[in-house]
Colleague: 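Encoded as structure tokens, here's the structure I'll be asking about.
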Amino acid sequence: QVQLVESGGGLVQAGGSLRLSCAASGSIFGGNVMGWYRQAPGKRRELVARITSGGLINYGDSVKGRFTISRDNARNTVYLQMNSLKPEDTAVYYCHFTNLPVGEFNYWGQGTQVTVSS
């Protein structure tokens, strides 16, 4: 069992920045993936960014060059630095965790609201 606790959401003007954090605890394997997905009302959940325990990173196309994901393996914490925010970034952001190999259980944080005003 893994629990995820998110923080850092809020309201920001277009062009501004926010930093999200997610701390994992529980049955964490040495090989794992942590990341962020987001979901706006009426839309499907989509990948924002993810990072493996070995440091391999994937970004969603819409955030490349603006967002940066990082992690602290010693603290089992993942961060998302969001710069140059746009109104279309407005969504609930969910932290995600899965142990490797792929196909094991997926764990989700409670979600944190990010709202970008024009």
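What's counted below: heavy atoms across the whole structure, side chains too, no hydrogens, waters or symmetry copies.
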Colleague: Please assess Val78 against Trp36 for the test side chain to side chain contact (heavy atoms under 4.5 Å, CB included), listing each intermediate value before the final yes or no.
Modeller: CA-CA 9 Å; Val78 63; Trp36 297 91; 3.9 Å; yes

Colleague: I'd like to check the salt bridge (Lys or Arg N to Asp or Glu O under 4.0 Å) partners of Arg66; sequence neighbours left out, ordered by chain and number.
Modeller: Asp89

Colleague: Begin with the C-alpha distance, continue with both residues' side-chain angles, and end with the deciding distance and a verdict on side chain to side chain contact (heavy atoms under 4.5 Å, CB included) for Tyr79 and Thr68.
Modeller: CA-CA 8 Å; Tyr79 307 95; Thr68 301; over 6 Å; no

Colleague: Please report the closest heavy-atom contact between Cys22 and Met34, naming both atoms and the distance.
Modeller: O-CE, 3.9 Å

Colleague: With a 4.5 Å heavy-atom cut-off, do Gln3 and Val5 have their side chains touching?
Modeller: no

Colleague: Can you tell me how far CG of Leu4 sits from OH of Tyr94, rounded to the nearest 0.5 angstrom?
Modeller: 13.0 Å

Colleague: Could you state whether Leu85 and Leu47 fall into the same hydrophobic cluster, counting links through intermediate Ile, Leu, Val, Met, Phe, Trp or Tyr residues with side-chain heavy atoms under 4.5 angstrom apart?
Modeller: no

Colleague: Please table the atom pairs, donor to acceptor, closer than 3.5 Å between any side-chain atom in residues 107-118 and protein atoms at least two apart or in another chain.
Modeller:
from   : atom 1 : to     : atom 2 : distance (Å)
Gln110 : NE2    : Glu6   : O      : 3.4
Thr112 : OG1    : Gly9   : N      : 3.3
Gln113 : NE2    : Ala91  : O      : 3.4
Gln113 : NE2    : Thr115 : OG1    : 3.2

Colleague: Kindly list each side-chain donor-acceptor pair under 3.5 angstrom involving residues 49-65, sequence neighbours excluded, with atom names and distances?
Modeller:
from  : atom 1 : to    : atom 2 : distance (Å)
Thr52 : OG1    : Gly54 : N      : 3.2
Thr52 : OG1    : Gly55 : N      : 3.2
Thr52 : OG1    : Leu56 : N      : 3.1
Ser53 : OG     : Gly30 : O      : 3.0
Ser53 : OG     : Asn32 : N      : 3.3
Tyr59 : OH     : Ile69 : N      : 3.0
Asp61 : OD1    : Lys64 : NZ     : 3.1
Ser62 : OG     : Arg38 : NH2    : 3.1

Colleague: Out of curiosity, does Val12 fall in the hydrophobic cluster containing Tyr93 (side-chain heavy atoms, cut-off under 4.5 Å, transitive links)?
Modeller: yes

Colleague: Give, for atom OG of Ser21 and atom CD of Gln81, the distance between the pair rounded to the nearest 0.5 Å.
Modeller: 9.5 Å

Colleague: Do you know the tightest heavy-atom contact between Thr77 and Arg75?
Modeller: OG1-O, 3.0 Å

Colleague: Give, for atom CD of Gln13 and atom CG of Leu11, the distance between the pair rounded to the nearest 0.5 Å.
Modeller: 8.0 Å

Colleague: Can you check side chain to side chain contact (heavy atoms under 4.5 Å, CB included) on Leu18 and Phe67, steps first, answer last?
Modeller: CA-CA 10 Å; Leu18 286 172; Phe67 293 7; over 6 Å; no

